[in-house]
Amino acid sequence: MKKADELFKATASTPLALATQNNNAMGYFIPEYQRDYDWSKENIERLYFDILNGFCRLRDSNDASAYTFLGTIILVQQQASEPEFDGVSLEVIDGQQRITTLTLIACVLCELIKHQTERTGFSTLKEKTRKWLEDEIGYWRMAMYSCAVGSQSVDVTSSYPFARIIREGDSRGKTHFNSEYRSSIGKILEEFSKYFKEKKDEFSFEQFDNSESTKKIRDNYTFLRQLIFGLNDKEWYEDTDCELFDIDWLYRSQ
């Protein structure tokens, strides 16, 4: 009989570092026995406040390597089951709700960066400052996108995006024709990869079905959008339980 430490290896990781392993060709697989994504607003707020408070502690400690514990995730590498997927698929044994919520947060942040950038003029900045700011914006928007959508190599000059999270019945491929997403989360992340390349200001859920699983993801995405887009709203902070995070540290004039 193998020992536990031979079967499982415990490591601390950031959501981005975990998602972009294996040259960005790493995905999560939610097995059939796992229930659908169903986190409540209370669950989401608790995770969101933990993240904000973690930023506050990071600022106070001046330690760039400090971690905020967001919970345990148990993953097991899955045997190849998708004919056109050459990446690594990790089966989610525990932590589906957190992984999915963190992925939705990354999508909303990606949307917010796009939203704010298109409304902010950089023409008055010095060229060196403007170039630095544009590079930073591009880097962080791509980082958030990479938490939700991966890419696998097609040939030496091209790659094709895939949904980072899938469920039973989904299949990640190297083209539109050999990719198949039947689950709500798979379809939504596939469409998000298209939105990322388009000029649309807002990610829309209009094209999706009205199943319970889709409605839950849509409602939670909308709720997260309200939370994150309200980061500069002092009145919002007065009505929350986020006591450790001082809005004056983040607030900027419009």
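The first residue in the sequence is number 1, and the count goes up from there.
Contact of the Ile185 side chain with the Ile30 side chain is not registered, since no non-hydrogen atoms from C-beta on lie closer than 4.5 Å. In this structure, the side chains of Tyr28 and Leu75 come closer than 4.5 Å at one or more pairs of heavy atoms. Thr101 places none of its side-chain heavy atoms less than 4.5 Å from the side chain of Leu70. The closest side-chain heavy-atom distance from Asn210 to Arg218 is below 4.5 Å. Residues Lys174 and Asp86 form a side-chain contact, since some pair of their non-hydrogen atoms from C-beta on lies under 4.5 Å apart. Side-chain contact check for Trp39 versus Phe223: every heavy-atom pair is 4.5 Å or farther apart. Residues Gln97 and Arg35 form a side-chain contact, since some pair of their non-hydrogen atoms from C-beta on lies under 4.5 Å apart. Inter-residue side-chain proximity for Leu189 and Cys107 is flagged as met; some heavy-atom pair is nearer than 4.5 Å.
The shortest heavy-atom contact between Arg182 and Lys187 is O-CE, 3.4 Å. Counting all heavy atoms, side chain and backbone alike, Asp36 lies closest to Ser213 at OD2-CB, 3.9 Å. Residues Leu227 and Ile44 share a closest heavy-atom pair of CD1-CG2, 4.2 Å. Tyr48 and Ile228 make their closest contact through OH-CA, 3.6 Å (heavy atoms, listed as atom of the first residue, atom of the second, distance). In terms of heavy atoms, Gly186 sits closest to Asp170 at CA-OD2, 4.2 Å. Among all heavy-atom pairs drawn from Met26 and Leu90, the shortest one is SD-CD1, 3.4 Å.
Glu212 and Lys215 are joined by a salt bridge, as a carboxylate oxygen and a charged side-chain nitrogen come within less than 4.0 angstrom of each other.
Within the structure, salt bridge (charged side-chain N to carboxylate O under 4.0 Å, His left out) contacts touching residues 131-147 (residues at least two apart or in different chains) are Arg130-Glu134, Lys131-Asp135. Evaluation of the ring-ring contact (aromatic ring centres under 6.0 Å, His included) test over residues 152-176, restricted to residues two or more places apart or in two chains, returns Phe85-Phe162.
At most 12 non-hydrogen atoms from other residues, nucleotides or ligands lie less than 6.0 angstrom from CD of Glu32. Counted within 6.0 Å of CD on Gln207, heavy atoms from surrounding residues, nucleotides or ligands total more than 12; the atom is thus considered enclosed.
One distance of note links CZ of Arg164 with OG of Ser193; it measures 11.5 Å at 0.5 Å rounding. Atom-to-atom distance recorded for Leu133:CG and Thr129:OG1 is 8.5 Å, nearest 0.5 angstrom. With rounding to the nearest 0.5 Å, the separation of CG in Leu47 from CD in Glu45 is 11.0 Å. Rounding to the nearest 0.5 Å places CD1 of Ile166 at 7.0 Å from OH of Tyr181. Here the CZ atom belonging to Phe192 is positioned 6.5 Å from the CD atom belonging to Glu111, to the nearest 0.5 angstrom. In this structure, OG on Ser184 lies 12.5 Å from NZ on Lys216, to the nearest 0.5 angstrom.
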| task | Test side chain to side chain donor-acceptor pair (under 3.5 Å) on Thr222 and Asp219 and set out the steps. | result | CA-CA 5 Å; Thr222 302; Asp219 291 347; 5.4 Å; no

| message | side-chain contact (heavy atoms from CB on, under 4.5 Å), that's the test. Do Cys147 and Leu102 meet it? Break it down for me. | response | CA-CA 8 Å; Cys147 287; Leu102 288 169; over 6 Å; no

| task | Report the C-alpha distance between Glu191 and Lys194 in whole Å, list the side-chain angles of each, state the deciding distance to 0.1 Å, and finish with yes or no for salt bridge (Lys or Arg N to Asp or Glu O under 4.0 Å). | result | CA-CA 5 Å; Glu191 286 301 316; Lys194 299 174 185 178; 3.1 Å; yes

| said: side-chain contact (heavy atoms from CB on, under 4.5 Å) for Phe196 and Lys114? Distances and angles first, verdict last. | reply: CA-CA 9 Å; Phe196 184 79; Lys114 181 178 181 180; over 6 Å; no

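Under the 4.5 Å side-chain heavy-atom criterion for Ile, Leu, Val, Met, Phe, Trp and Tyr, Tyr139 and Leu125 are members of the same hydrophobic cluster. Val88 and Leu16 fall into different hydrophobic clusters, where Ile, Leu, Val, Met, Phe, Trp and Tyr side chains are chained together by heavy-atom contacts under 4.5 Å.
Tested against Ile165 for a side chain to side chain contact (heavy atoms under 4.5 Å, CB included), the candidates Ile188, Thr100, Val149 yield a single pass: Thr100. For the ring pair (Phe, Tyr, Trp, His ring centres under 6.0 Å) test with Tyr195, the passing option among Phe205, Tyr145, Phe203 is Phe203; the others fail.
A donor-acceptor contact shorter than 3.5 Å is absent between the side chain of Arg225 and the backbone of Val108. With hydrogens and angles ignored, the 3.5 Å screen pairs no side-chain donor or acceptor of Glu84 with any backbone N or O of Thr175. Side-chain atoms of Arg167 come within 3.5 Å of backbone atoms of Gln34 as a donor-acceptor pair (strictly under, hydrogens ignored).
For the ring-ring contact (aromatic ring centres under 6.0 Å, His included) test, no residue two or more places apart in sequence or in another chain qualifies with Tyr37.
Side-chain atoms of Ser40 and Asn43 include a donor-acceptor pair closer than 3.5 Å.
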